[in-house]
Amino acid sequence: MVVTRFAPSPTGYLHIGGLRTALFNWLWAKKNGGKFRLRIEDTDLSRNKQEAVEAILEAFQWTGLHWDDDVVFQSDRFDVYRKYVQELLDKGMAYKCYLSKEELESIREARMKGETPSIDIRKYRDFKGELDKPYVIRFKAPLEGKVGFEDGVKGKAEIDASQVEDFVIARSDGTPTYNFVVVIDDHEMGMTDIIRGDDHFTNTFKQVLVYRAFGWDVPKFYHVPMIHNEKGSKMSKRDGAVDVMEYKREGYLPEALLNFLVRLGWSHGDQEIFSIEEMIKLFDPKDINKAPSRYNKEKLDWLNQHYIKNSPNERIVKLLKEDFGVDIEGHDKKEILIDELKERVKTLKEMAQEIKKILSDPQEYNEKAVKKFLKDEVIANLREFLVFLNDKDPKTPVDWHDVMNEFLALKGIKPKFLMPPLRIAMVGDTKGIDLAAMLSVLGKEEVKKRISSLLAKFEVF
RNA sequence: GGCCCCUUCGUCUAGCGGUUAGGACACCGCCCUUUCACGGCGGCGACACGGGUUCGAGUCCCGUAGGGGUCACCA
């Protein structure tokens, strides 16, 4: 059985790049009828935040990527890790290292400058005694030979084992570190396929060595290229919109985000729109690209609009109420409103704003529009239309359409001497949903009220 | 800097030795239309560069350039 996982560290919200790798893993598990598991990598006690765990789970909830079995917390498993560390120690495959923070710092600096450090990081590798100093436990990486693995995206990966340093597997406070516990857990949780970010690529060599040390089977790895920001560099908080939940707040539908993400670094011919079912059916990590891709908001917006257009009105009304505080559940013309808005809005947030604009009295009249369309004779038309309305009873957009045309024919005037001014009277501008629909939504009394308000402001006696 | 990876329109990508290099987003134009959109039609626009291999190269090989990842008692 295929078993995949997503293993975030709880240091903040769920990152959009993280969501994509989670999605890939989830899809692959679903496609193979396997399991997708969630593990919280919280071995660094000093950096964990409980809110972060909740934020991550909330994001999973929103996107509908459900995990199988219980969430595993590494902080619950320290005893297990300790046992394995001891095993390596006993076998002479790991050792206590007494190098001080300062010594380590000097090694690090030298390496970054490209120089050979004056202190050997393997200094205590063959040290037999015990020192009365704090120590970390390091893994004994081989001094010669090769380490490699078959990467499902990049192909064969192999380096000289000597390139792998004796990395720390347990801190001086006894807590185990990432490159060690990852292997323990992936093995014990039965992981078969690991799809993760490219930033883990070099870690994989270390991890392969740990698998080897315990004699365990190495799972299949797939390293997916990073998502860059619109400028082409690594995405950071500064780029904005990296928190998955931010998309909910901005009015994006989860399926739009997922569709957007699945096409970043993966494709299936020319297809752009993928339902969740199609993704599951078509996804295959062998089709993942090797090059990093860029975040592209326009495409996301387009997809979001597509999914909004194809969502049932009922769902939209519900989301508008729950997430944007716009309640039109009781409005008798809500279907017309939503149908009209669906076509011209990119996000739910935008839709909420448009609804508010239509349903409330115009705050101001657009100066340019007023100047262009509200000539004196036109204002007179509005006055007459107001009267004309008295013995009419239009309800539907078609009714309103007929009433306007009747008036136009009666007066022998062109549409532009009535329609644009009417729009201005209704919402203060000449843009917006279909006029007849707008009037229908507002209802005769409200329409008359708004015409009167406009007349009161602009009519010259 | 060491090690590793990557490189097709502005962006996401198709391509798997022989294509007028295809699609999508964005942009521009036309049509539809009382407005704005939606929709339809059309346009702009790419194989990073240099060498090979081959009858033939976006596709294979080698360099160069550019980009990225990583080098923690973070994950």
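Here is how names work: the chains are called A, B, and so on, in the same order as the sequence lines, proteins then strands, and each is numbered from 1.
Cation-pi geometry between A:Lys96 and A:Tyr135 is met: under 6.0 angstrom from the ring centre, within 45 degrees of the axis.
Positionally, the nearest nucleotide of RNA chain B for A:His268 lies more toward the 5' end than for the other of A:His268 and A:Glu343. Two residues, A:Thr430 and A:Trp266, neighbour RNA chain B, and the one matched to the more 5' nucleotide by heavy-atom proximity is A:Trp266.
Counting only heavy atoms from C-beta on, A:Gln305 has its side chain closest to B:rA37 among B:rU35, B:rU70, B:rA37. With distances taken from any side-chain atom of A:Lys299 to the nucleotides B:rA75, B:rA37, B:rC25, the minimum falls on B:rC25. Taking the side chain of A:Asp44 as heavy atoms from C-beta on, and the options B:rG23, B:rA75, B:rU70, the nearest nucleotide is B:rA75.
If you check every strand for non-hydrogen atoms under 4.0 Å, A:Val168 touches sugar and phosphate atoms only. Across all strands, A:Met112 comes closer than 4.0 Å to base atoms (heavy-atom distances). Within the 4.0 angstrom heavy-atom criterion, only backbone atoms of the sugar-phosphate kind lie near A:Thr43; the bases stay farther away. Among the heavy atoms of the strands, none lies under 4.0 Å from A:Leu422. Contact annotation for A:Leu104: base contact, defined as any heavy-atom pair under 4.0 Å involving a base atom. Among the protein residues, A:Asn203 comes within range of the nucleic acid bases, having at least one heavy atom under 4.0 Å from a base atom. At the heavy-atom level, A:Arg111 lies under 4.0 Å from base atoms of the strands shown.
If you check distances only, the side chain of A:Arg344 does reach the base of B:rC36 with a donor-acceptor pair under 3.5 Å. Side-chain atoms of A:Glu272 and base atoms of B:rG23 include a donor and an acceptor less than 3.5 Å apart. Evaluation of atom-type donor-acceptor distances gives a pair under 3.5 Å for the side chain of A:Asp270 against the base of B:rG22. Below the 3.5 angstrom threshold, one finds a donor paired with an acceptor across the side chain of A:Arg423 and the base of B:rU35. The base of B:rC73 lies close enough to the side chain of A:Ser172 for a donor and an acceptor atom to sit less than 3.5 Å apart.
The pair A:Arg39-A:Asp186 counts as a salt bridge, with a side-chain nitrogen and a carboxylate oxygen less than 4.0 angstrom apart.
Panel note: side chain A:Lys133, backbone A:Glu130; no donor-acceptor pair is recorded below 3.5 Å.
Applying the Watson-Crick and G-U wobble criteria (two distances, each under 3.5 Å), B:rC36 pairs with nothing in any strand.
Contact check of residues 150-159 of chain A against RNA chain B (heavy atom, cut-off under 4.0 Å) returns A:Lys154, A:Ile159.
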